[in-house]
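Okay, so here's the structure we're looking at.
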Amino acid sequence: MALRFYNTLSNELETFVPADETTVRMYSCGPTVYDFAHIGNFRSFLFADIVRRTLEFFGHNVHHVMNITDVGHMTEDANADGAGEDKMQAAARRVKEDKKSGKVPEGAVTNPDDPYQIAQYYTDCFLEDARTLGIKVAFEYPENILHATQNIDAMQEMISQLLDRGHAYVGPDGVVYYSVESFSQYGRLSGNTLDRLMSGAGGRVSEANQANKRHPADFMLWKPDSTHIMKWDSPWGTGYPGWHIECSCMARKRLAADVIDIHTGGEDLIFPHHECEIAQTCGATGKDTFARFWMHARFLLVEGEKMSKSKGSFYTVRDVLEGRIKTESGQTAGVRVHPAVLRLELIKSHYRGNMNFTHKGLMDSAGAVKRLTDFRNRLEQACAGAAADVDFDYPILGKFADCLADDLNIAGALGAILPWASTTPDDPAAALGALNRMNEVLGVVPLTPSSDADAESGSENSHIEALCRQLDEARAKKDYATADTIRGQIQDQGYDVKTSPSGTIAERRLA
RNA sequence: GGGGCGGUAGCCAAGUGGCUAAGGCAACGGAUUGCAAAUCCGUCACGCGCGGGUUCGACUCCCGCUCGCCCCUCCA
């Protein structure tokens with residue numbers, strides 16, 4: 001089946017075929033680790049995970065690599081005199097505050113002034129969140145998730161190559177800059193060609209900095225600065241690398257190729273980050289292509305608006321999972337959310353449209369996860385867990401495959417699955433096989449019915465169980481007032497109550 | 001000013017140049033229930049941001065406009 005992806009490079013849907021048929025080489029821009037990643041970041045990471053799982057679904061072997069940006073870049077990188085506060089220093093302040101309030105686990109960061117400890121702390125948090133949400137590459141740390149700070153040598157090597165090949169120069173300020181005029185393709189990805197760039201339109205370019213560059217769009221590769229909180233020796237003085245070089249370097253190094261198949265990231269990275277990556281990699285390799293496909297996820301809105309710290313909508317994964325989000329009425333939701341629910345909420349709409357994260361949407365997703373889980377449980381019972389192998393001739397699976405192959409149409413795929421999940425298939429073993437294959441991409445059907453219960457404390461389980469029995473007793477005695485009170489108690493603790501002839505069952509709500 | 005993406009019912013969200021515009025949620029009616037929940041059955045867009053054009057026919061193609069979002073050197 002032909003896979004079609006929208007390529008930012010051409011602004012068109014293109015049929016995807018890997019350059020090397022044995023392996024798809026894929027690189028995703030990962031998090032900066034000066035703070036917790038928020039759900040907007042995770043939308044982008046989950047998008048990359050869907051790309052990877054889709055490729056695997058269609059039988060490709062995928063080598064997926066992600067970076068961890070742990071070099072403390074200036075808060076204002078454009079500020080060439082280094083006046084901005086280092087992000088790692090800002091993070092140190094934050095961690096010190098969090099340590100006081102007990103948010104940082106005992107022993108996690110023994111010295112908040114050590115930037116490597118800060119970076120590792122947030123890296124660990126990121127990995128934990130990513131694994132919770134089922135992002136595959138997170139289980140491949142550290143082989144396929146690389147730290148920038150552990151690849152400084154490779155960056156210096158690439159900078160040397162760029163200097164040798166005439167794509168870089170040392171400015172009067174001692175900073176090594178990339179010369180955008182040396183690379184004729186500059187602007188091809190973003191449309192921001194040199195003639196179109198409106199210098200400083202974003203208001204983030206300082207005049208003083210520009211004086212040292214040959215062209216206003218030239219960007220930093222290495223900055224000598226012995227006062228920087230993270231610094232390394234280099235032929236250009238002790239200092240630190242520019243932001244863009246790490247991805248060019250690590251993609252080439254870890255994927256062992258000058259040209260890779262797919263590069264993903266958030267839409268804001270198209271310019272300058274990915275434009276600069278292309279300039280660097282192509283400048284160093286001499287090839288005219290870095291990534292054959294560039295794929296970008298649109299931004300996430302929260303309740304219809306941009307996420308904002310002042311509105312309290314900069315949710316982290318833990319904020320959502322632990323119920324610290326606001327409902328439509330502005331109340332704190334308070335109910336724990338199953339990770340599969342958040343995963344589905346963040347993947348269910350098309351990656352090239354803005355996604356609106358809402359409390360209502362989360363409730364919707366919870367219903368869908370529950371429905372799929374119940375469906376799976378029914379199928380497993382019906383066929384004693386013996387799933388049969390099915391191929392794309394199986395109607396739902398074929399439809400699912402068609403949707404995915406059409407530029408990752410997850411919403412369309414869900415439109416096929418959800419009504420199917422209300423049916424009772426004639427061949428439960430085949431249906432289970434199909435569902436399992438689809439879930440390899442979606443990753444939203446919790447593994448076993450008991451896995452959620454296992455996550456609860458034993459005492460809570462037995463407490464709820466006891467209330468269920470009391471409810472049954474009251475009902476048997478036709479003491480409905482008591483029964484209703486007990487039911488209310490169980491529900492208040494985040495459970496759905498189901499009464500049946502064989503007794504009351506409480507199920508923890510997924511959100 | 002420039003580059004790019006999007007605007008389908010209360011909400012989320014597919015889709016096609018031409019049968020009655022998927023699906024989910026919510027809502028409503030019914031079955032069931034002590035009452036609910038869950039489940040099941042049924043109802044729910046004469047219209048697809050606005051205005052033109054092309055066409056026998058457009059929500060789907062083209063032009064203009066409008067709104068939202070991203071970028072034009074912090075950003076997923």
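Computation of the quantities below employed the complete heavy-atom set of this structure, encompassing side-chain atoms and omitting hydrogens, waters and symmetry-equivalent molecules. Computed from a prediction, not measured in an experiment: that's the story for all the values here. The chains referred to below are lettered A, B, ... by the order of the sequence lines, with proteins before strands, and numbering in each begins at 1.
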When you check the gap from the basic side-chain N to the acidic O, do A:Asp484 and A:Arg487 get nearer than 4.0 Å?
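Yes, this pair counts.
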
Nucleotide N/O to protein N/O under 3.5 Å, stretch nucleotides 3-7 of chain B:
| from | atom 1 | to | atom 2 | distance (Å) |
| --- | --- | --- | --- | --- |
| B:rG3 | O2' | A:Ser190 | O | 2.8 |
| B:rC5 | OP1 | A:Tyr6 | OH | 3.1 |
| B:rC5 | O2' | A:Arg298 | NE | 3.2 |
| B:rC5 | O2' | A:Arg352 | O | 2.8 |

RNA chain B: 5'-proximal contact among A:Ala481 and A:His38 (nearest heavy atom) =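 The residue closer to the strand's 5' end, by nearest nucleotide, is A:Ala481.
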
Would you indicate what [X] reaches in the nucleic acid, counting non-hydrogen atoms under 4.0 angstrom: base, sugar-phosphate, or nothing?
X	answer
A:Thr32	sugar-phosphate
A:Lys478	nothing
A:Tyr480	base
A:Asp218	base

### Query
Cation-pi between A:Arg4 and A:Phe16: NZ/CZ under 6.0 Å from ring centre and within 45° of the ring axis?
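Pair A:Arg4/A:Phe16 does not count as cation-pi.
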
Cation-pi check for A:Phe36 against A:Arg318: NZ or CZ below 6.0 Å from the six-membered ring centre and within 45 degrees of the axis, yes or no?
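Not flagged: A:Arg318 not positioned over aromatic ring of A:Phe36.
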
Reckon A:Ser349 has a side-chain N or O less than 4.0 Å from the OP1 or OP2 of B:rA13?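 Yes, because at least one side-chain N or O of A:Ser349 sits under 4.0 Å from OP1 or OP2 of B:rA13.
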
| said: Under 4.0 Å from OP1 or OP2 of B:rG68: is there any side-chain N or O of A:Lys306 that close? | reply: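 No, A:Lys306 has no side-chain N/O under 4.0 Å of OP1/OP2 on B:rG68.
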
Distance, rounded to the nearest Å, where A:His263 contributes NE2 and B:rA76 contributes P =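 So the two atoms are 13 Å apart, to the nearest Å.
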
Self-check item: d(CE, A:Met355; C1', B:rG68) in whole Å
Solution: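 Going from CE in A:Met355 over to C1' in B:rG68 covers 16 Å.
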
Check your understanding: Between A:Glu128 and A:Arg131, is a salt bridge (Lys or Arg N to Asp or Glu O under 4.0 Å) present by the stated rule, with each step listed?
Key -> CA-CA 5 Å; A:Glu128 186 186 326; A:Arg131 287 170 180 162; over 6 Å; no

Could you list the protein-to-nucleotides 25-32 of chain B atom pairs, N/O on both sides, closer than 3.5 Å?
| from | atom 1 | to | atom 2 | distance (Å) |
| --- | --- | --- | --- | --- |
| B:rC25 | OP1 | A:Arg371 | NH1 | 3.3 |
| B:rC25 | O2' | A:Asp364 | OD1 | 2.5 |

#### Entry: Stepwise ring-ring contact (aromatic ring centres under 6.0 Å, His included) check, A:Phe290 with A:His263
CA-CA 9 Å; A:Phe290 170 24; A:His263 193 129; 5.6 Å; yes

From CA spacing to verdict: salt bridge (Lys or Arg N to Asp or Glu O under 4.0 Å), A:Lys370, A:Asp496:
CA-CA 12 Å; A:Lys370 178 154 179 8; A:Asp496 284 330; 5.9 Å; no

| said: Ring centres under 6.0 Å, that's the criterion: do A:Trp222 and A:Tyr177 meet it? | reply: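 Ring centres of A:Tyr177 and A:Trp222 not closer than 6.0 Å.
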
A:His296 and A:His274 aromatic ring geometry - parallel, tilted or perpendicular at 30°/60° bounds:
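Rings of A:His274 and A:His296: tilted, 30 to 60°.
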
* Asked: Which whole number of Å gives the distance between the P atom of B:rG2 and that of B:rC44?
  ->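 Approximately 47 Å lies between the P atom of B:rG2 and that of B:rC44.
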
